[in-house]
Number of protein chains: 2
Amino acid sequence: MQHIEPSVEKRLAAEGIRLTGGRRQTIATLAAMGGPRTAAEIHSETGDSIPLSSLYRSLAVLTDAGILASHHGSDGVIRFELAEWFTGHHHHLVCVECGAVFDVIPTADQERRMARLVEEMAAGTGFAAAGHRFEIEGLCSKCR
Amino acid sequence: MQHIEPSVEKRLAAEGIRLTGGRRQTIATLAAMGGPRTAAEIHSETGDSIPLSSLYRSLAVLTDAGILASHHGSDGVIRFELAEWFTGHHHHLVCVECGAVFDVIPTADQERRMARLVEEMAAGTGFAAAGHRFEIEGLCSKCR
DNA sequence: GCTGATAATAGGAATCATTCTCAATAAATG
DNA sequence: CATTTATTGAGAATGATTCCTATTATCAGC
């Protein structure tokens with residue numbers, strides 16, 4: 001966690017955003033939990049020390065600043081995790097039973113093949129492709 | 001649209017589910033609209049003739065029965081469309097600006113390559129992969 | 001064509017994640 | 001230290017979705 005703080009601080013400073021205690025704790029908690037987490041999960045993990053309204057606000061600010069990334073899960077709940085410049089580019093395994101999400105890191109070759117698919121499929125649609133999102137749906141080891 | 005009704009009827013009958021007027025209209029509207037649509041969109045498209053509560057219930061029943069498929073968009077809203085056995089297997093182009101979703105149909109070869117990626121990435125994770133979801137994010141022709 | 005059993009609907013209330021409001025507080029700047 | 005501006009906290013508000021209950025439609029068998 002220590003090693004990410006300087007870069008976070010720098011990035012926030014560049015946008016005139018303060019790294020306050022609550023935000024620091026939010027980031028640290030997410031880093032410790034190590035996967036996409038909901039606001040409620042973060043909230044209870046921190047022992048309710050950050051009010052939900054503040055937590056949501058912090059999550060939005062940090063996501064905006066590119067520190068965090070957010071994903072809307074198939075259960076309609078938003079999950080947050082450290083942005084890819086911390087975690088490395090990755091995709092998700094989603095449990096269709098319990099909604100849990102796990103990270104999976106593609107090899108360079110896999111990612112190259114995926115990028116090619118994006119290119120091919122967006123070609124000739126009038127759509128300016130900016131990124132992609134690849135989720136593998138199935139049952140996690142607990143639910144299967 | 002006519003050509004899908006018999007198969008829908010058959011499928012619902014097989015599960016002991018009635019094809020009522022409201023459900024018929026819901027399916028027809030979705031077929032006519034031709035992409036993933038929100039409950040609100042369907043509701044206003046049908047001129048508010050189906051109460052939202054009934055519409056939601058119908059959408060849930062039809063999704064359960066495999067007639068429709070649902071997707072949680074990045075704007076936190078659920079969109080419904082005809083299941084893939086009507087539309088063919090496809091993926092989505094998602095506009096990050098306005099949230100609109102468009103279908104894109106992969107070639108057999110593209111799909112084969114994608115399936116291989118799923119296999120490779122799920123291997124050795126303790127995860128039983130059942131499907132995948134591939135979204136290309138970008139700007140639609142209106143928003144770019 | 002009835003009748004009874006069951007499924008479906010309408011309408012409104014309830015839920016729940018998320019967002020907003022605004023007064024109070026903290027942080028940075030000079 | 002004072003000032004300005006960002007941030008927080010607490011609760012209210014929002015909005016999509018779900019739940020509840022009485023009423024209504026549908027189907028199977030007579």
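Everything numeric here is computed off the predicted structure, so don't read it as measured data. In the text below, chain A, chain B and the rest are named by the order of the sequence lines, each starting its count at 1.
Each of B:L19 and B:T38 has a nearest nucleotide on DNA chain D; the 5'-most of these lies closest to B:T38. Residue whose closest nucleotide on DNA chain D sits further toward the 5' end, between A:G21 and B:G76: A:G21.
A:R133 places no side-chain N or O within donor-acceptor distance of the main-chain N or O of B:I136, the cut-off being under 3.5 Å.
Taking the centre of each ring, B:H89 and B:H132 come in below the 6.0 Å mark.
Atom pair A:L52:CG and C:dA17:P shows a separation of 9 Å (rounding to whole Å applied). Rounded to an integer number of Å, the gap from A:L55 CG to C:dA17 P is 13 Å. Here D:dT8 presents its P atom at 11 Å from CD of A:Q25, a figure rounded to the nearest Å. The distance from atom CD of A:E41 to atom C1' of C:dA17 is 13 Å, rounded to the nearest whole Å. Rounded to whole angstrom, the span from the CZ atom of A:R37 across to the C1' atom of C:dA17 amounts to 18 Å. Spacing between atom NE2 of A:H72 and atom P of C:dT19 amounts to 8 Å, rounded to whole angstrom units. In this structure, B:E15 places its CD atom 20 Å from P of C:dT6, rounding to the nearest Å. Rounded to whole Å, atom C1' of D:dT18 lies 10 Å from atom CD1 of B:I78.
Under 4.0 Å is where a charged nitrogen must lie from a carboxylate oxygen, and between B:E120 and A:R113 at least one such pair does.
Within the 4.5 Å cutoff, no side-chain heavy atoms of B:H71 are placed close to those of B:I78.
Side-chain atoms of B:T20 and base atoms of C:dA8 include no donor and acceptor less than 3.5 Å apart. At a cut-off of 3.5 angstrom, the base of D:dT7 holds no donor-acceptor pair with the side chain of A:R18.
Distances shorter than 4.0 Å separate none of the side-chain N or O atoms of A:S53 from OP1 or OP2 on D:dG9. The side chain of B:R57 contributes no N or O atom lying less than 4.0 Å from OP1 or OP2 of C:dA7. Between C:dT18 and A:Y56, a contact under 4.0 Å exists linking OP1 or OP2 to a side-chain N or O.
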